[in-house]
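In this chain, residues are counted from 1 in sequence order. Indexing begins at 1, ligand by ligand and atom by atom, following the structure's order.
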Amino acid sequence: MSNQIQKTIPFEGQRPGTSGLRKKVKVFQQAHYLENFVQSVFDAIGDFSGSTLVVGGDGRFYNREATQIILKMAAANGFAKVLVGQGGILSTPAASCIIRKYKAYGGLILSASHNPAGPDEDFGIKYNISNGGPAPEAVTEAIFSGTETISEYKILDASDISLDDIGTQQLGDMSVEVINPVTDYAELMQSLFDFDAIRTLLSSDFRMAFDAMHAVTGPYAKVVFEDMLGVPADNNINCEAKEDFGGGHPDPNLTYAKELVDIMYGDNAPDFGAASDGDGDRNMILGKHFFVTPSDSLAIMAANATLVPGYADGIAGVARSMPTSAAVDHVAKKLGIDCYETPTGWKFFGNLMDAGKVTLCGEESFGTGSDHVREKDGLWAVLFWLNILAVRKQSVAQIVTEHWAEFGRSYYTRHDYEAVDTGPANAMMDDLRSRYDKLAGANFAGRSIKVCDDFAYTDPVDQSVSTGQGMRILFEDGARIIFRLSGTGTEGATIRIYIESYESDTAKQGMDAQDALRDLIGIATDISHLTQYTGRYKPTVIT
Ligand code: G1P
Ligand code: ZN
């Protein structure tokens, strides 16, 4: 019998979404704080007695302590078994893989994604369901209401287990199996990609560089790239996982993955470069002196999917978030498959994949994935590109420019205005919305506006409706300007402006995106009265 300590704790209500609860480490370290959240999860997810739970995280500061607490609570609450990654480590896509493979009831993933780590930085926890994907809103809402009323939690009074020893240990009536965090994931990758072809490519004069940004993909990259594919160890940079991510901000984009970008744009640059984020679900793809936008990357994967063994029979359909460029739409059209446009956030893809409607999906925010798991997957995307490169034997730049020649180029950029005051940001959006009628049909610099609206989505599987998912200005010629307020920013409001135009003329496809989009960028700031509202003249981050 488990020894349960019952306590009454006041809980400061937090509304955790599908990306879970993300707070400063110091907040999580308050007495009973994590415990209350975990108990609220266990209270909200139905009858799991006799089932298995998966636990692991990105290795950031407080990962180990949190893991020990969760294990003792899982034991006291009646789980039969927990599968936990050695050292408390599991990348987010690996956790998704393990939940699916071992038919677990669900999993608790400890991560604050790309946000910095350390005693004064961020920590996070989220619950994934048995399909391996983030809990749907009905579950996160039930968790949230639980956190408002919780008065006690169950925890086993036991000493810590050893998280470093692979094998099974006992915690009360529950068994804890410490597993190698990489093995199952690496096996899944091997089942999807032609490792022999990739190994041959990598043993030629082709060189790659991978940047784990001192976060969770370090140990995965060592096994998959170095041990299995023969990449020399010094081609992998920052692969030593650290509790504080080396003091960095592991977000794989042109701003934060600067070390890799400098290598890829420097003299003697490798042929291929890639990076992943804190918990291993995001990716950035680079060629020699060449950046592949995430929107193009998704489109190119879709167009070349049959070159990859795991997708050789073709793909069922594709999905992209609304602000992601329409590059993949052009591929879907040519392949004669469905293309779904969903609101921002990974959760909308899960239903489509479970229903077999979609095989590949992605977002402009450096997230790409497939139905092999139910999270976006950074290393999977890197391997997908390596597999394409191994088969086509062309450079990244050649593959991308040939793609544009065949399907047209979607020039694309995202401008972020971070830490804007919330009041003016909302007022700007409301003001723009109030002028939709007047804007429709208007002409700007030779482009005429077809529609202005707020994006709404009806899930084709469960018919649930999501409204207010971003303001769209759609032009007759296919160009688009989208305005959205970030749902993940931590300071004030972040205004995101997504700007896109389509170019089918190969002679005009070689421009710098900022130059090609200059008119539309001007239209976006004029139409929104951005400077009047925010006092800003230029974005804080341009992707
Ligand atoms: C951002 C990205 C979005 C992604 C989310 C979680 O959300 O834009 O695509 O799904 O992070 O990784 P946002 O801050 O824009 O709401
Ligand atoms: Zn992430």
Closer than 3.5 angstrom, by distance alone: can the side chain of Lys126 be matched with the main-chain N or O of Leu110 as a donor-acceptor pair?
no
Counting N and O atoms only, with roles assigned by atom type, does the side chain of Arg374 sit under 3.5 Å from a partner on the main chain of Ser130, one being a donor and the other an acceptor?
no
Which class fits the ring pair Tyr533 and His529: parallel under 30°, tilted 30 to 60°, perpendicular over 60°?
parallel
Can you confirm if the aromatic rings of Tyr498 and His415 lie within a centre distance of less than 6.0 Å?
no
Which word best sums up how the rings of Phe28 and Tyr62 line up, parallel for under 30°, tilted for 30 to 60°, or perpendicular for over 60°?
tilted
For Ala44 and Val139, which heavy atoms make the closest approach, and how far apart are they?
CB-O, 4.5 Å
Which residue from Ser365, Gly470, Gly362, Pro343 reaches closest to atom 9 (O) of ligand 1 through any of its heavy atoms?
Ser365
Report yes if Tyr498 has an N/O atom closer than 3.5 Å to an N/O atom of ligand 1; otherwise report no.
no
Three-point angle Asp281:OD1, the Zn ion (ligand 2), Asp277:OD2, rounded to the nearest 10°
90°
Atoms in ligand 1 flagged as close to Thr344, the criterion being non-hydrogen separation under 4.0 Å:
3 (C), 9 (O)
Around atom 4 (C) of ligand 1, find the nearest protein heavy atom and jot down its residue, atom name and distance.
Glu363 OE1, 3.5 Å
Just to confirm my output: which protein heavy-atom neighbour is closest to atom 16 (O) of ligand 1, and how far is it?
Gly487 N, 2.6 Å
Asp377 side chain near Tyr185 side chain, heavy-atom distance below 4.5 Å
yes
May I ask you to identify the nearest protein heavy atom to atom 14 (O) of ligand 1, giving residue, atom name and distance to one decimal place in Å?
Thr488 OG1, 2.4 Å
Heteroatom test (N, O or S) for Thr92 near the Zn ion (ligand 2), limit 2.8 Å
no
Does Leu485, backbone or side chain, put an N or O under 3.5 Å from an N or O of ligand 1?
no
Trp346 to ligand 1: N or O pair under 3.5 Å?
no
Is Gly345 in contact with ligand 1, taking contact as a heavy-atom separation below 4.0 Å?
yes
Can you find an N/O atom of Lys376 closer than 3.5 Å to an N/O atom of ligand 1?
yes
Under 4.0 Å from ligand 1, counting heavy atoms only, is it the side chain of His114, its backbone, both or neither?
neither
Mind telling me whether Phe193 and Tyr311 have parallel, tilted or perpendicular rings, with 30° and 60° as the class edges?
tilted
What protein heavy atom sits nearest atom 8 (O) of ligand 1, and how far off is it?
Arg414 NH1, 3.6 Å
If every non-hydrogen atom of Leu286 is compared with every non-hydrogen atom of Met264, which pair is closest and at what distance?
CD1-CG, 3.7 Å
For the student: nearest non-hydrogen atoms of Pro252 and Arg282, plus distance:
CG-CB, 3.7 Å
For the Zn ion (ligand 2), find the closest N/O/S atom belonging to Asp279 and write down its atom name.
OD1
Taking Glu137's backbone N and O only, do any of them form a donor-acceptor pair with Thr140's side chain (distance below 3.5 Å, no angle check)?
yes
I need the atoms of ligand 1 closer than 4.0 Å to a non-hydrogen atom of Arg484, numbered in the order shown.
13 (P), 15 (O), 16 (O)
Atom 5 (C) of ligand 1 [closest protein heavy-atom partner, distance rounded to 0.1 Å]
Arg282 NH2, 4.0 Å
